[in-house]
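Below is one structure, written out as structure tokens; the observations come after it.
Just so it is clear: chains get the letters A, B, ... in the order the sequence lines come, proteins before strands, and each one is counted from 1.
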Amino acid sequence: MEFHIVVCAGLVPDPLQTLEPVMGPAGPGLKNEALLPSVIDPWAAHALFEAAHLARARPGSKVWLVSLAPKAKLQQVLMVVAQKVPFDLVAVDGPANGFTDASACAAALADAIAAIPGLDRQKLLVFGGWESASRAAGTTLQMVGERLGITEQFQGVDAVTVGADGAFEVLERIEGGRHQVATCSGAPAVCGWATGSLHEPPNSPQVGMMNMRTLMPALQKARAASVPLAGAFGAAAVPSARRDTRVVKDMSPDAIAQEIVEWIRQ
Amino acid sequence: MDDTSVSHAEPAVPRADMRVDIVCTGFGPATAGFLTTLGRAVLNDDGTTRIESTAMPGLPLQVLCFERADDLAAGVSGVVSRARGIRTSFPEFASAGVPLSSPVTDEQIVYLLDPVGASRRSRPLRAIDAMLRAGGRLLGVDRHGVRLPYIPPFLRKHDGVVLSLGQFQQWVAGQVMASGAAQIWPASPVAGPLFADDGARVTGVRMVDQGTDLRGAPTDAYAPGMDVFADLTVVGDGPIGAVGQALDAKFGLPDGHVRDEWALGMKMVVDLRDDVDLAPGTVIHTIGYPEPEIFGFLYVLAPRTVSLGIFVPSWFDSPLRTAYRYLQHWMLHPWLWRWLEGGTLRSWGAKSVQESGRRGEPVLVGDGYARIGEGSGSTNPLSGSGVDEAWTTGAQLADGVIELLSRGEPFTRDALERAYVQRRRASWVERELRVAEGARDGFTRGVVWGLAGMALAGLTGGALRIPRRHGQAHPRLATTVSADAWMDAQGWPAVPFDGRLLVTHQDALLMGGKVQAAPGYADHVRFDDLSQCRECTTHLCVSMCSGQAITDADEGGVAFDREKCVHCGACLWNCPDDNVRFTAGAGGLHAVEN
């Protein structure tokens with residue numbers, strides 16, 4: 001049984017940078033947003049690696065990466081991601097700053113998936129991040145599935161084990177640090193991945209070259225999506241940090257711990 | 001078929017390989033110029049192929065560029081440039097909308113007096129300082145500084161632009177990639193060149209192994225670095241790049257050439273407070289402080305956004321050479337602090353600059369390879385300009401490559417000599433580099449001699465120079481003295497940390513540099529002989545390390561922590577015993593606003 005695996009993966013502003021929310025004329029955004037580097041959402045990246053792993057194990061399977069993000073940023077980020085695993089890109093040009101409306105995002109993604117030529121819904125697995133580095137609502141993927149009419153949905157997925165008949169067992173995270181084991185008779189299904197268990201694949205120029213054949217044309221064909229920014233906020237502040245760095249080499253762990261406790265108490 | 005110079009025994013896991021037409025190492029301004037120029041010739045306006053690939057028949061020319069850093073142009077700098085070459089490539093550059101760029105609107109050179117009394121000034125400089133202080137406002141002295149009334153023509157950038165090189169490079173990369181004519185892969189460190197069996201022809205590059213421990217031993221995720229074969233290897237990986245270093249080691253430098261003049265540039269992008277009204281395009285260069293040998297710059301990239309920094313040169317003859325603490329004292333100078341006070345650090349970084357100019361030029365071409373940019377000796381130490389020169393050498397190589405491809409000629413040494421080197425020799429880049437050759441040798445005798453030597457060379461078209469003095473006047477301090485302790489002892493006041501702009505060195509890495517080190521790669525800094533490090537009495541590699549990544553080890557010698565390394569390469573040229581191996585690695589700065 002082969003699968004058609006569609007991975008929904010957005011971009012998020014690089015969490016290493018200072019991300020300061022500001023209200024602009026078009027709605028909420030980030031200070032210096034156009035200059036901030038982006039990365040692929042780490043949760044969705046795990047989903048992509050899992051998808052590639054599954055596709056490799058099931059000959060005839062195929063992976064699409066569907067991404068809603070500003071085209072220029074997408075091109076930049078994909079130059080790293082495209083070296084990891086093989087996929088076909090479906091690009092949707094729109095905002096990706098963490099303030100987009102989840103329902104509108106889901107609609108744009110579902111429309112893009114529905115329009116993929118040759119996609120067989122009976123083989124369809126929609127993968128994505130259970131959560132996101134830019135928000136923790138965890139709702140977008142679920143709504144994508146609903147819009148596509150997929151009723152089998154799993155969130156917080158750590159493993160998918162496929163049997164010979166195409167049925168699969170899913171390990172989902174539930175409260176208390178435990179896993180729930182579910183069995184699904186087969187595609188179509190939605191899996192919102194937690195972290196999975198795979199290494200990040202090494203960069204491969206060969207994989208990159210292969211992806212590039214479809215990547216740039218897909219970027220050029222990226223359809224603009226009208227995705228409104230969600231609401232407004234009254235005020236936001238970057239968490240203040242007090243830093244007091246020094247290098248010590250001759251203190252015991254207990255003394256260091258004691259000093260930190262006293263520092264926190266101040 | 002082909003042999004390799006880059007390693008070792010063949011790994012148990014098979015090493016993959018692939019073939020393309022042209023492979024480039026390093027995405028700096030030189031490679032950007034190369035790809036921009038070449039890219040326009042590969043495809044017709046309607047997207048059909050103009051130059052066909054021989055590696056992949058039926059497809060357009062296959063051009064790959066590998067960049068070590070995790071993002072394109074992560075961790076480069078603000079620059080002022082006359083942009084002659086860049087504007088030849090982009091005639092509409094001024095209106096192209098490159099973020100954080102502006103035409104030069106005001107240009108100043110400012111001599112800074114020493115307001116704290118700790119600067120190591122020679123007698124002639126003390127005399128100049130005393131005269132200026134006595135003359136006070138009559139001589140234009142204000143806030144312990146004086147704007148020089150004259151800027152020599154060879155230093156002027158009045159018709160140029162200030163820009164964030166990081167943003168510029170990303171803008172160029174976007175255009176190159178969108179054209180479909182080349183692929184630029186970040187996070188792809190190259191281990192070194194591959195050579196043919198005869199050892200004389202470069203046949204491509206080998207990527208760095210992945211899935212190793214810090215010493216390079218394979219782990220269970222091991223993936224040997226791929227061999228990428230190409231008809232032409234374009235070496236634009238800068239002055240500390242692994243491929244350039246390997247070529248220098250194999251072919252040597254031309255007779256009489258030497259690479260002994262370096263500088264460490266340490267820089268920041270700063271958001272100024274709301275009431276500062278410095279006009280975008282303002283260019284301020286400083287001399288005289290914190291030490292007379294340390295030059296500073298402040299460029300206004302956009303309203304209330306400046307790029308600033310200092311250069312600490314290799315000829316800074318002092319008992320101890322360091323950068324970060326000096327950068328803080330430079331910012332605190334009253335001439336600059338009136339604008340910087342209340343500012344916020346936005347990004348921070350550091351880079352080694354090869355300042356030997358033409359005298360440090362390597363063998364530019366050989367069978368299967370060509371060198372461009374700073375690593376090819378294109379930086380002009382007299383005009384203090386390197387980006388535009390690098391860009392231009394890249395564009396010149398591309399013109400030559402297009403010529404050779406159109407004639408179906410192979411990339412032999414002779415062909416590249418004709419098509420590229422002769423173009424370069426006939427250009428303004430070469431002409432100005434010849435004027436600059438040795439122009440700064442006078443600095444080995446002192447700052448006044450150095451400035452006089454620059455003026456002599458610049459104003460006489462290189463006819464007159466002040467020769468260099470060999471040897472150093474000041475013995476280096478022993479390793480037991482830290483840079484901070486030594487500066488405290490010299491009378492430098494404590495830095496009044498404000499948590500925004502004046503922060504500890506490690507906080508600059510965290511807040512400004514966002515330094516990262518990807519797992520799965522071997523350490524890119526190694527020490528050949530640790531016993532030599534234990535015997536070393538100076539450890540300049542420690543005091544000049546931009547990120548405090550190299551530290552004195554408890555057991556003697558030094559230790560390296562790549563989690564803090566910004567890949568500036570200062571350790572490479574500060575080790576007096578040539579004991580540092582600096583190879584390519586992923587990670588480092590994540591500060592693309594620089």
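- In this structure, B:Q183 and A:M216 have side chains that are not in contact, with every pair of non-hydrogen atoms separated by 4.5 Å or more.
- With rounding to the nearest 0.5 Å, the separation of CG in B:D220 from NE2 in A:H199 is 4.5 Å.
- In plain terms, the two heavy atoms of A:L78 and B:W185 that are nearest each other are O-CZ3, 4.4 Å.
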Please walk me through it: do B:M226 and A:N203 pass side-chain contact (heavy atoms from CB on, under 4.5 Å)?
CA-CA 10 Å; B:M226 179 181 281; A:N203 291 348; over 6 Å; no
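- Under the 4.5 Å side-chain criterion, counting only non-hydrogen atoms from C-beta, A:L35 is in contact with B:R346.
- Counting only N and O atoms by type, the side chains of A:Q76 and B:D71 include a donor and acceptor under 3.5 Å apart.
- Dense packing is recorded around NE2 of A:H179, with more than 12 heavy atoms of other residues, nucleotides or ligands lying under 6.0 Å away.
- For B:F66, the part sitting under 4.5 Å from any heavy atom of chain A is the side chain, from C-beta outward, and nothing else.
- Taking each heavy atom of A:Q206 and B:A16 in turn, the nearest pair found is OE1-CB, 4.0 Å.
- When heavy atoms are compared at a cutoff of 4.5 Å, A:K31 approaches chain B solely by way of its side chain, counted from C-beta outward.
- Only the side chain of B:L64 comes within contact range of chain A, with at least one heavy atom under 4.5 Å from a heavy atom of that chain.
- For A:Q83 (side chain) and B:P186 (main-chain N/O), a donor-acceptor pair under 3.5 Å exists by modelled atom type.
- Comparing B:D554, B:T551, B:V20 by heavy-atom pairs within less than 4.5 Å of chain A, the highest count is held by B:D554.
- Heavy-atom pairs under 4.5 Å with chain A peak, among B:H505, B:M18, B:Q62, at B:M18.
- Taking all atoms of both residues into account, the shortest heavy-atom contact from A:L16 to B:K514 is O-CG, 3.1 Å.
- Contact of B:M177 with chain A is made through backbone and side chain together, with heavy-atom distances under 4.5 Å.
- Contact count versus chain B (heavy atoms, under 4.5 Å) is highest, among A:G208, A:A34, A:A82, A:P201, for A:G208.
- If you measure heavy-atom distances from B:A518 to chain A, you find no contacts under 4.5 Å at all.
- Proximity of A:S204 to B:M207: side-chain heavy atoms (C-beta onward) are nowhere separated by under 4.5 Å.
- Of the two parts of B:A187, the backbone and the side chain both hold a non-hydrogen atom closer than 4.5 Å to a non-hydrogen atom of chain A.
- Between the CE atom of A:M79 and the CD atom of B:E67 there is a distance of 12.0 Å, given to the nearest 0.5 Å.
- Using a 4.5 Å cut-off between heavy atoms, B:D70 touches chain A through its backbone atoms (N, CA, C, O) alone.
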